[in-house]
Engineer: 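Quick one: the structure is below, and I'll ask about it shortly.
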Amino acid sequence: MIDLQEPPFYEKTINYDENKHIKICLTVHTFKGVEWLSIRKYYQDFDEEWKPGNEGITMPLDLDNAREMFLGLVEILSLAESKTILEQEFKEILDKIYLN
């Protein structure tokens with residue numbers, strides 16, 4: 001079987017559990033000519049290589065999906081204790097989002 005998925009051109013570990021040898025990664029990759037955004041749980045096999053698990057989500061990377069994810073994260077972070085810091089750091093972006 002030929003793997004048509006190219007290696008990710010963006011990858012960021014967003015959570016790592018050293019005890020369970022599990023990490024959650026945000027990746028952007030191309031598959032059959034389409035760019036995809038994935039948040040997936042990875043596990044370490046016996047050879048200590050990271051392999052993607054079954055748990056996760058993958059969606060086309062387009063402006064609508066990226067914007068909705070960003071808005072959701074901003075809303076979550078706005079509810080956090082760091083709301084004042086976020087408002088200072090991202091004031092221009094938040095003003096554009098909520099004042100337009």
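This chain uses plain numbering: 1 for the first residue, then up along the sequence.
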Engineer: Counting N and O atoms only, with roles assigned by atom type, does the side chain of N65 sit under 3.5 Å from a partner on the main chain of P60, one being a donor and the other an acceptor?
Structural biologist: yes
Engineer: Do R40 and T58 pair up side chain to side chain, a donor and an acceptor below 3.5 Å, judged on atom types alone?
Structural biologist: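 There is such a pair between these side chains.
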Engineer: Do you know which two heavy atoms are closest between Y42 and C25, and how far apart they sit?
Structural biologist: CE1-CB, 3.7 Å
Engineer: Applying the side-chain contact (heavy atoms from CB on, under 4.5 Å) test to Y10, which of T27, L61, L37, L26 qualifies?
Structural biologist: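 Considering T27, L61, L37, L26, a side-chain contact (heavy atoms from CB on, under 4.5 Å) with Y10 is found only for L26.
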Engineer: Does CD belonging to Q44 count more than 12 external heavy atoms closer than 6.0 Å?
Structural biologist: yes
Engineer: Is T13 close to I24 at the side-chain level, that is, under 4.5 Å between some pair of heavy atoms?
Structural biologist: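 They are not in side-chain contact.
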Engineer: About how many Å separate CG of N54 and OH of Y43, when rounded to the nearest 0.5 Å?
Structural biologist: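 Here the rounded value is 8.0 Å.
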Engineer: Over all heavy atoms of both residues, which pair between Y16 and K23 is shortest? Give the atoms and the distance, please.
Structural biologist: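 Of all heavy-atom pairs spanning Y16 and K23, the closest is CD1-CB, 3.8 Å.
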Engineer: Under a 3.5 Å distance rule, please check whether W36 uses its side chain to pair with a backbone N or O of V34 as donor and acceptor.
Structural biologist: yes
Engineer: Verify side chain to side chain contact (heavy atoms under 4.5 Å, CB included) between H21 and E48, making sure each step is shown before the conclusion.
Structural biologist: CA-CA 9 Å; H21 302 280; E48 296 186 0; over 6 Å; no
Engineer: Are L73 and I14 linked, directly or through intermediate hydrophobic residues, by side-chain heavy-atom contacts shorter than 4.5 Å (ILVMFWY only)?
Structural biologist: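 Yes, I14 and L73 fall within the same hydrophobic cluster.
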Engineer: Under 4.5 Å between any side-chain heavy atoms of V28 and F9, yes or no?
Structural biologist: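 Sidechains of F9 and V28: in contact.
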Engineer: Take F70 and I93 through the test side chain to side chain contact (heavy atoms under 4.5 Å, CB included) and record every step on the way to the result.
Structural biologist: CA-CA 11 Å; F70 176 76; I93 295 170; 3.9 Å; yes
Engineer: Counting C-beta onward and ignoring hydrogens, is there a side-chain heavy-atom pair between M69 and M59 closer than 4.5 Å?
Structural biologist: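 Yes, at least one pair of side-chain atoms sits under 4.5 Å.
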Engineer: Please confirm whether the backbone N or O of E49 pairs with a side-chain atom of D47, one donor and one acceptor, at under 3.5 Å?
Structural biologist: no
